[in-house]
Amino acid sequence: MGQARDVMDRLTETLTTAKNLQATDECFAEDAVAITPDQGEIRGRDNIVEYWRQLTQALPDSTYEPVHSFEVGNTAIDEGFYVGKNTGPVPLPSGETLPATQRDIRVRGVDFAAVEDGRIVSYRLYFDQMEFLGQLGMLPDAP
């Protein structure tokens, strides 16, 4: 196992098992950049950790079910399911929040983490926002 795989595994642990955002902070370089489907480009470690704080607050009992894990050079790639119950406010890109729905979610996602000197410098997260919002019951009924 290489450095990228180790850092990605630590990140997953901090977000789902340990629930330790201070340890999440330590996974990212100060000037890291993250790309997310719901918030777009996020620059800087503090802003990335704030993104994760809001998501873990919305789904505090979240777990991760791995499907595939890879490492290519300095990049770790994970595919799996983010699972949890929405018991906290859901952040919106506008900065507003929606109240908890008390619904369970299980959303497939893929993330890529490029690592330099033991920290993530570039992070990309992909998941289907419509699936996420649908499972939360936040989409209008189709005609």
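- To the nearest 0.5 angstrom, Glu50 atom CD is 11.5 Å from Leu55 atom CG.
- No cation-pi contact links Arg124 to Phe112, judged by a cut-off of 6.0 Å to the six-membered ring centre and 45° from its axis.
- The side chain to side chain donor-acceptor pair (under 3.5 Å) test applied to Arg10 returns no partner, not counting sequence neighbours.
- Salt bridge status for Glu65 with Arg106: present, with a side-chain N to carboxylate O gap under 4.0 Å.
- Judged purely by atom type and a 3.5 angstrom limit, Thr56 has no side-chain atom pairing as donor or acceptor with the backbone of Pro60.
- Between the side chain of Arg119 and the backbone N or O of Glu26, at least one donor-acceptor pair lies under 3.5 Å.
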>> Test side chain to side chain contact (heavy atoms under 4.5 Å, CB included) on Ile35 and Ile42; report intermediate values, then the result.
In response: CA-CA 6 Å; Ile35 306 293; Ile42 304 170; over 6 Å; no

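- Of the inter-residue distances, the one linking Glu116 atom CD with Ser122 atom OG reads 9.0 Å to the nearest 0.5 angstrom.
- Note that the CH2 atom of Trp52 and the OG1 atom of Thr14 stand 9.0 Å from one another [nearest 0.5 Å].
- Going from atom OG1 of Thr36 over to atom CD1 of Ile48 covers 9.5 Å, rounded to the nearest 0.5 Å.
- Expressed to the nearest 0.5 Å, how far CG of Leu139 lies from CD of Gln129 amounts to 10.5 Å.
- At distances below 3.5 Å, not a single donor-acceptor pair connects side-chain atoms of Gln57 with backbone N or O atoms of Pro89.
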>> For Phe70 and Thr75: C-alpha separation, side-chain torsions, deciding distance, then whether side chain to side chain contact (heavy atoms under 4.5 Å, CB included) applies.
In response: CA-CA 8 Å; Phe70 304 98; Thr75 302; over 6 Å; no

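- In this structure a side-chain-to-backbone donor-acceptor pair under 3.5 Å is present from Tyr64 to Gly80.
- A 4.5 Å side-chain heavy-atom check between Thr63 and Thr17 finds every atom pair outside the cut-off.
- Looking only at distances, a side-chain donor or acceptor of Asp61 sits under 3.5 Å from a matching main-chain atom of Lys85.
- Side-chain atoms of Gln3 never come within 3.5 Å of backbone atoms of Val115 as a donor-acceptor pair (strictly under, hydrogens ignored).
- Judged by distance alone, the side chain of Asn86 and the main-chain N or O of Ala58 form a donor-acceptor pair under 3.5 Å.
- At a threshold of 4.5 Å between non-hydrogen side-chain atoms, the residues Leu11 and Thr24 count as touching.
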>> Quick one, Glu71 with Met8, criterion side chain to side chain contact (heavy atoms under 4.5 Å, CB included). Give me CA distance, side-chain angles, the key distance, then yes/no.
In response: CA-CA 10 Å; Glu71 183 176 48; Met8 180 72 100; over 6 Å; no

> Going through the distances and angles, do Asp38 and Phe127 end up as a side chain to side chain contact (heavy atoms under 4.5 Å, CB included)?
Replying inline: CA-CA 9 Å; Asp38 53 340; Phe127 64 88; 3.9 Å; yes

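- Under 4.0 Å is where a charged nitrogen must lie from a carboxylate oxygen, and between Arg45 and Asp25 at least one such pair does.
- Between Asp78 atom CG and Leu125 atom CG the span is 11.0 Å, to the nearest 0.5 Å.
- Within 6.0 Å of the CZ atom in Arg53, the count of heavy atoms belonging to other residues, nucleotides or ligands exceeds 12.
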